[in-house]
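Nothing here was measured: the structure is a model prediction, and the numbers come from that model. One-based numbering along the sequence shown.
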Amino acid sequence: MRKRLFGVFAAGAALTLVVSGQSTAEPAAAPAQPDPMLAIQPAEAQVDWAAVHRNREARKQSRATARTAGAPLTYTEKETGQGANDTPAGAEHVAGFGTGRGKNAKLALTGDLAGDPTIPAVPPFAETDDAIPLAGDTGVPARGRALKTTGTIGDGPHGSAGDGTGDHDFHKLSGGTTGMRATVETHTPSGGLDTFLAAFDAAGGLIGQNDNLAGDTDSRLQVFVPAGTDVYVMVAGAGPGSIPADPMKPGTGKRVTTEGPYEVTIATGDGQVDRDFFSVDLRAGDVLGASAAGRATRVMVHDPAGREVFGSSQDFSFVFSEHSPLPAGGNAVADFVAPRDGRYTVGVENGQGRYDVTVEAYRPGSELNPRPEVLTIFLDFDGARVNTRIFAIDPASAGNRNLSALKTFLPGWGLAAPDENAVIDAVVASVKESIEHDLAAKGTNRRFAVRVLNSRDHADPWGRPNVSRVVIGGSIAESGISTVGIAQSIDAGNFGKEETALVLLDVLSLPAGQSRTSLNTYITPASDKTTFIGRAIGNITAHEAGHMSGSWHQDQFNAVNSLMDQGGNPAGMFGVGPDGVGGTADDEDVDFHEDVLNPNEGFTGIEDSLNRTAWAYTRGSN
């Protein structure tokens, strides 16, 4: 085993080391909240969603995506009203788009979404409605599926003609017996109002907000109203006074911002919805990105069989690699890797009025390397010094951290130094089976190539071009990140070819029963211990490599155990069989699969994580 010398922490840094199962601690800051999109968290972990959303917004503002020059192909929708192109089968075909010779790989789509004519209009709610207890009762979704109404920001006692604290109009939504997701959208056809939407629970806790639709000062917010509860949606003018200091009390705003009339639509998803679909021809391995702006707030990709393979109502481009060329920003962003040649469709929905959609296609980043360059995944068991800012956590809690080696955690599993090689052998075998063997044997990429190296058997290549690493070691206390595994980015097409992921081992080596994510919880005298430990760590390692090569989380609670399943079902990720014991004959070989995207992360559709990963590792051809 090679030895590595680490630098020391700067003054004031705090560290807890776990050595031979014992904890020696200096005072440590609370672990940072990782973004669940990038991280596997312990099954028992609680997510601080307010912190996640604050950090996401900050990353959206700071992210600068490298964009290549070139005028796009333009296409304007031909449908008028609803009906003609509302399904993938009726998609309007856009010729000339693609990555092949003579094609334009950039496309600008424009069109209009028709409104739902069946939504009833009701008179505006009376002032004063400037706090949760004074909210107007919409009856949606408990007593009705939708309504439209109007209002004016500035007409109440707290506007510019009143005490000047700012006018806030609150609307009550009730979950009824089943609960339902509602969509709230403002429209300002006249006047100078720039609307801001926010949603609160009955106690005044903020649960969601939206300022501007991309390319528009109107706002749109999707809110889930749980059964038996009430949610309160607020319309206000955008600016420093948008959210009152106490949403339970009127007149607690900060100042007047913009004022004027607005229209607001509050609807569930069972009305007459206009959708527009456009078909494009893709080659196997094409990396497709789409971003919707204007009045469209959802974008979808369907495969040649008509299946939805990616649907999104959010801009998640803040977790793309900084080297990714895919479109970013807008109301909704989708990314997709075509597993085979065919005619695919891009669709938009959820909105009323004009939209602009950017669609771009690229070849995988590794394919653009000099021939015959091959990407490397380096498994580092020796510990490492890592700057945790790369994992998109709060910069105030990030910095250079020393992570201890795999061998530090062996006693937690009842193992000793002589067992280290057996564990490393099992981890390496697991990763190679999932990535080198399965992707070559089952994927559609005939130019698939990847090299898996490790710190025991190979010189350290980290820092060279086309080398990404997974550090297998370290703890939450050392890293300052409350996670089991975390990747630097989610990078469809693998354009960021020198990235880092972590697999932390402290929770995995806790005593049996202390965590469902501890491997000891599944180990009995009947277990082949080292094989089980190595395979489970290898599965998490492959999961993080899957993120860095472009796959999102899949549903961890359905019948398919996939390497890209989100945390929360550790027995499934570890391959524990029906007997509930790891390291026995009925254990499952967990692989990359075609499976449903995780519904808790705001996406819909079926993700082919096998081919998304396989096409990320393509032998250089330039």
(request) Could you list all the ring pair (Phe, Tyr, Trp, His ring centres under 6.0 Å) pairs where at least one residue sits in residues 325-353, not counting sequence neighbours? (result) Phe336-Tyr344

(message) Return the OG1 to CG distance between Thr188 and Asp194, rounded to the nearest 0.5 Å.
(response) 7.5 Å

(message) Determine whether a donor-acceptor pair (N or O, by modelled atom type, separation under 3.5 Å) exists between the side chain of Asp286 and the backbone of Ala361.
(response) no

(request) Only counting residues at least two apart or in another chain, list the ones meeting side chain to side chain contact (heavy atoms under 4.5 Å, CB included) with Pro465. (result) Glu498

(message) Taking ring pair (Phe, Tyr, Trp, His ring centres under 6.0 Å) as the definition, give me every residue that meets it alongside Phe200, ordered by chain and number, with sequence neighbours left out.
(response) Phe170

(request) Go through the steps to decide whether Asn611 and Val337 satisfy the test side-chain contact (heavy atoms from CB on, under 4.5 Å), and finish with yes or no. (result) CA-CA 8 Å; Asn611 278 305; Val337 179; over 6 Å; no

(message) Any donor-acceptor pair under 3.5 Å linking the side-chain atoms of Glu263 with those of Thr150?
(response) no

(message) Among residues at least two apart in sequence or on other chains, which ones pass side chain to side chain donor-acceptor pair (under 3.5 Å) with Thr76?
(response) Thr110

(request) Output all residues satisfying side chain to side chain contact (heavy atoms under 4.5 Å, CB included) with Thr604, sequence neighbours left out; order by chain, then residue number. (result) Arg298, Glu308

(request) Mind checking the OG1-CG spacing from Thr195 to Asn212? Nearest 0.5 Å is all I need. (result) 7.5 Å

(request) Identify whether the distance between the nearest side-chain nitrogen and carboxylate oxygen of Asp216 and Arg354 falls below 4.0 Å. (result) no

(request) Please report the C-alpha distance between Ser321 and Ser489 in whole Å, then the side-chain angles of each, then the deciding distance to 0.1 Å, and finally whether the side-chain hydrogen bond (donor to acceptor under 3.5 Å, both in side chains) criterion is met. (result) CA-CA 5 Å; Ser321 167; Ser489 74; 4.6 Å; no

(request) For the residue pair Asp169 and Tyr262, confirm or rule out a side-chain donor-acceptor distance under 3.5 Å. (result) yes

(message) Taking the side chain as everything from C-beta on, heavy atoms only, tell me whether Tyr617 gets closer than 4.5 Å to Asn445.
(response) no

(request) Sorted by first residue and then second, give each side chain to side chain donor-acceptor pair (under 3.5 Å) pair with at least one member in residues 329-342; sequence neighbours left out. (result) Asp335-Trp552, Asp335-Arg612

(request) For Thr99 and Arg283, test the side chains for any donor-to-acceptor distance below 3.5 angstrom and give the result as yes or no. (result) yes

(message) Return the CD1 to CE distance between Ile40 and Met564, rounded to the nearest 0.5 Å.
(response) 7.5 Å

(request) Give a yes or no on this: more than 12 heavy atoms of other residues, nucleotides or ligands lie within 6.0 Å of atom NZ of Lys254. (result) no

(message) Could you check whether any side-chain N or O of Thr258 sits under 3.5 Å from a backbone N or O of Leu193, counting only pairs where one atom can act as donor and the other as acceptor?
(response) no

(message) Within the structure provided, determine whether Val357 and Ser291 are in side-chain contact (heavy-atom separation under 4.5 Å).
(response) no

(request) Could you grab the distance from atom CG of Asn210 to atom OG1 of Thr186, nearest 0.5 Å is fine? (result) 8.0 Å

(request) Quick one: pull up CG in Asp274 and CG in Leu113 and give me the separation to the nearest 0.5 Å. (result) 5.0 Å

(message) Can you give me the closest heavy-atom contact between Ser279 and Ala91, atom names plus distance?
(response) N-CB, 3.8 Å

(message) Between Asp116 (side chain only) and Ala267 (backbone N and O only), is there a donor and an acceptor less than 3.5 Å apart?
(response) no

(request) State whether the side chain of Ser468 and the backbone N or O of Ile377 hold a donor-acceptor pair below 3.5 Å, judged by distance alone. (result) no

(message) Working to the nearest 0.5 angstrom, can you tell me the gap between Asp565 CG and Ser609 OG?
(response) 9.0 Å

(message) Going by the rule side chain to side chain donor-acceptor pair (under 3.5 Å), which residues pair with Gln556 if we only count those two or more places apart in sequence or in a different chain?
(response) Gln566, Asn598

(request) With sequence neighbours left out, write down each residue that passes ring pair (Phe, Tyr, Trp, His ring centres under 6.0 Å) with Phe495, or none if nothing qualifies. (result) none

(message) Strictly distance-based, threshold 3.5 Å: is any side-chain N or O of Ser549 a donor or acceptor partner for the main-chain N or O of Ala545?
(response) yes

(request) Tell me, please, which residues at least two apart from His171 pass ring pair (Phe, Tyr, Trp, His ring centres under 6.0 Å). (result) Phe125

(request) Taking side chain to side chain contact (heavy atoms under 4.5 Å, CB included) as the test, write out the residues that go with Pro34, two or more places apart. (result) Ala39, Gln41, Ile481, Ser482, Thr483, Ile486

(request) Tell me, please, which residues at least two apart from Gln488 pass side chain to side chain donor-acceptor pair (under 3.5 Å). (result) none

(request) List for me each residue that meets side chain to side chain contact (heavy atoms under 4.5 Å, CB included) alongside Asn369, sequence neighbours excluded, and say none if there are none. (result) Ser366, Glu373, Leu375, Asn466, Lys497

(request) Check the angle between the aromatic planes of Phe316 and Phe603 and answer parallel, tilted or perpendicular using the 30° and 60° thresholds. (result) perpendicular

(request) Show your working on side-chain contact (heavy atoms from CB on, under 4.5 Å) between Val94 and Leu73 and close with a plain yes or no. (result) CA-CA 9 Å; Val94 182; Leu73 177 69; 3.8 Å; yes

(request) Please name the pair of heavy atoms, one in Tyr355 and one in Ala296, separated by the smallest distance, quoted to 0.1 Å. (result) CB-CB, 3.5 Å

(request) Taking atom types as modelled, find out whether Asp315 and Ser317 have a side-chain donor-acceptor pair closer than 3.5 angstrom. (result) yes

